[in-house]
Participant: 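I'd like to ask you about the structure that follows.
In this text the structure is predicted, and so the values were computed from the model without any measurement. All ligand and atom numbering here is 1-based and tracks the order in the structure. Position 1 is the first residue of the sequence; numbering continues from there.
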Amino acid sequence: MSSTDLNGPAIAPTSAEQSDATTEPGRHAQIIVIGGGLAGVAAAVRFRREGWHDFLVLERADAVGGTWRDNTYPGAACDVPSHLYSYSFAPNPNWTRSFSGQREIQDYITKVARRYRVHDKHVFGCEVLSASWHEDAARWRLETTKGTFTADVLVGAFGALCEPSLPDIPGIETFEGQVFHSARWDHQAQLAGRKVAVIGTGASAVQIVPAIAEQVDELRVFQRTAPWVLPRLDRRYSALDRLACRFVPYYQRLLRSGIYWAHEAQAVGLAKAPLAMKPLGIIARAKLRREVPDADLRRRLTPGYRIGCKRILLSNTYYPAFRHEHVQLVTEGISEVRADCLVTADGAVHQADTIVLATGFQVTDSPTYRRIFGKDGRSLGEVFDKAGRQCYKGTAIANFPNMFLMVGPNTGLGHNSMIFMIESQVNYLADAIATMRRRRIRSVEVRQESQEDFSRMLQRKLSRSVWNTGGCSSWYLDKHGANTTMWPGFSHEFRRITRKFDIDAYHVSTRGPV
Ligand SMILES: Cc1cc2nc3c(=O)[nH]c(=O)nc-3n(C[C@H](O)[C@H](O)[C@H](O)COP(=O)(O)OP(=O)(O)OC[C@H]3O[C@@H](n4cnc5c(N)ncnc54)[C@H](O)[C@@H]3O)c2cc1C
């Protein structure tokens, strides 16, 4: 794929940009973004398009991409079709299949960052250790592994599915083989001829298990809760498909819209009327019957909660992987790990020389929450501990002036592309910054009452959703049992409420920079 394949205007450097190009520590920038994943890159492109050049993206790793840079496990691919799971401003006619693999998505993000000239706005290898608001100066001060930076506006794009969640299993530190998390895949680890244990049966595990099943000697899959699995309507795109995307007017746009609306319809069952999920349950059960002939195995693979309550997984190869004799499903809980084995609650010993932790992420308690300090000196983590993860429109939080979160609380989707949500948030924060510039506003801070009203409205809607009523426990719920992860409705409703910066919901202090 050449850079010209990403439709949309390239952004040429300007003289203003040259003067703001330094990424040296100690530097003040009008806007600092933490994190160079899909959200950070989207925000940066928007700033460029608005003609704002005085911004930086601080990224702890050495490349853009976030999720798609880190999740290099065998079989890693998106589960929303690529023609939708891509930026609206950078359609890619060259996707090779409906659900592209990790490498292709990572290449796409890198090319977008270069084409829109935001790559050079990143400070790589720069981990934000703390960010604190200084009211007198109306600025954020950031301490990083590359020194101090200050900013008028802070954008937190540090990801929701970014920090691996590691299980606390007694004895795991005594294991003498290799142990690694799915998002930190050890590519030096030899799997051929090995006894491998995969812990977890979520979205990553269902991709990993079939991808490694044929290489390994023995594979044990440790399941706590069975997932619902639907067919993956994946296909390789032909040269003709790609030519049509590139040259037939509106073809790619129509394709994207079709995929969007087909996915959007699922919000009815997930968020509004869980009974509407029934047909999907019937399809999933039929698939299970067809692909798992063994009645006992099928029983253990059958979920005991309503479809949609946990993330619905898409795979045509997960169930068939269990047809191999050397692939076994273990449903007893793991009680202990020893030097060379895992022991389950029934006393069974499972020999292993490699453990793959497909155990998900610290979604509701990101470590970065504990590094961001608001007006009264409390960290975001402390504020969330006390009041729950309340957040206005998934973006603004009382006590944290001039700060906008990307992919914040209650922006998660079970049915559509997160990039749609990200672009909605980018609209909102760009309008906020434009308003601040136009009206010479020093700081904006969402009003506590606006935030509380918004949270109440969300929780009221969520109480009807399948995530709250479907009879499962999932990472959608925080430690207080509240669903502070999912957006309770259609994604276009979120687009509507983030179209304009609603200044009346904010305390505003005028005069000063920005
Ligand atoms: C395996 C996997 C598959 C997925 N598939 C899909 C899919 O098909 N469809 C979909 O809609 N969503 C999918 N998602 C969700 C996905 O996370 C989002 O779609 C999207 O990639 C989130 O982008 P982000 O920029 O918000 O976060 P991330 O991609 O997580 O990026 C955050 C960035 O912030 C950096 N960072 C974090 N803390 C700091 C710090 N303190 N200092 C400096 N930098 C920091 C990180 O290094 C990272 O680069 C998937 C997630 C995973 C894990």
Side-chain angles (χ1 to χ4, degrees), residues 32-44 56-73 75-82 84-87 98-102 105-106 108-109 113 122-131 142-146 149 154-165 181-185 202-208 232 234 259-260 263 311-314 358-363 366-372 380 394 405-408 411-423 425-426 475 485 487 491:
I32 285 187
V33 181
I34 306 177
L38 276 165
V41 168
L56 292 174
V57 184
L58 310 185
E59 167 54 58
R60 66 184 176 190
D62 58 3
V64 296
T67 296
W68 300 102
R69 179 198 62 228
D70 292 343
N71 286 270
T72 59
Y73 59 76
C78 55
D79 55 13
V80 167
S82 296
L84 179 60
Y85 190 62
S86 43
Y87 296 119
S98 344
F99 297 95
S100 302
Q102 172 269 332
I105 303 171
Q106 174 62 11
Y108 167 79
I109 303 169
H122 281 70
V123 188
F124 291 111
C126 182
E127 177 164 357
V128 174
L129 304 172
S130 74
L142 293 94
E143 301 300 337
T144 79
T145 47
K146 288 210 162 163
F149 293 83
L154 184 65
V155 178
F158 43 82
L161 305 183
C162 188
E163 307 288 347
S165 166
H181 189 272
S182 54
R184 303 287 181 270
W185 194 267
S204 299
V206 303
Q207 296 184 335
I208 293 168
R232 186 176 179 81
D234 192 18
I259 301 170
Y260 173 78
H263 279 72
R311 190 170 182 88
I312 300 173
L313 310 182
L314 306 180
T359 43
F361 299 89
Q362 298 180 50
V363 179
S366 163
T368 308
Y369 290 164
R370 314 235 160 239
R371 299 180 176 190
I372 300 180
L380 197 50
L405 274 190
M406 300 293 295
V407 191
T411 56
L413 296 178
H415 70 288
N416 218 324
S417 167
M418 278 311 295
I419 298 180
F420 186 87
M421 301 301 269
I422 287 170
E423 290 189 9
Q425 290 190 286
V426 169
W475 55 264
T485 308
W487 171 249
S491 61

Participant: Within a strict 4.5 Å, meaning less than it, do heavy atoms of the Leu405 and Thr411 side chains meet?
Facilitator: no
Participant: Taking only residues two or more places apart in sequence, or in another chain, which ones meet Thr72 in a side chain to side chain donor-acceptor pair (under 3.5 Å)?
Facilitator: His187
Participant: What is the ring orientation for Tyr73 with Trp185, classed by angle as parallel under 30°, tilted 30 to 60°, or perpendicular over 60°?
Facilitator: tilted
Participant: Kindly write out the residues that satisfy side chain to side chain donor-acceptor pair (under 3.5 Å) with His415, not counting sequence neighbours, or none if the list is empty.
Facilitator: Glu264
Participant: With Ala42, which residues qualify under side-chain contact (heavy atoms from CB on, under 4.5 Å), at least two apart?
Facilitator: Tyr87, Ile422, Val426
Participant: Can you tell me if Ser491 and Tyr260 form a side-chain donor-acceptor pair at under 3.5 Å?
Facilitator: yes
Participant: What does the contact table look like for ligand 1 (nitrogen or oxygen on each side, cut-off under 3.5 Å)?
Facilitator:
unit_1	atom_1	unit_2	atom_2	d
ligand 1	8 (O)	Asp79	N	2.6
ligand 1	8 (O)	Asp79	OD1	2.8
ligand 1	8 (O)	Val80	N	3.3
ligand 1	11 (O)	Met418	N	2.7
ligand 1	17 (O)	Thr67	OG1	2.9
ligand 1	19 (O)	Tyr85	OH	2.6
ligand 1	21 (O)	Thr67	OG1	3.3
ligand 1	21 (O)	Tyr85	OH	3.4
ligand 1	25 (O)	Leu38	N	3.1
ligand 1	25 (O)	Ala39	N	2.9
ligand 1	29 (O)	Thr67	N	2.8
ligand 1	29 (O)	Thr67	OG1	3.0
ligand 1	41 (N)	Val128	O	3.2
ligand 1	42 (N)	Val128	N	2.9
ligand 1	44 (N)	Arg60	N	3.2
ligand 1	47 (O)	Glu59	OE2	2.7
ligand 1	47 (O)	Arg60	NE	3.2
ligand 1	47 (O)	Arg69	NH2	3.0
ligand 1	49 (O)	Glu59	OE1	2.6
ligand 1	49 (O)	Glu59	OE2	3.2
ligand 1	49 (O)	Arg69	NH1	3.0
ligand 1	49 (O)	Arg69	NH2	3.1

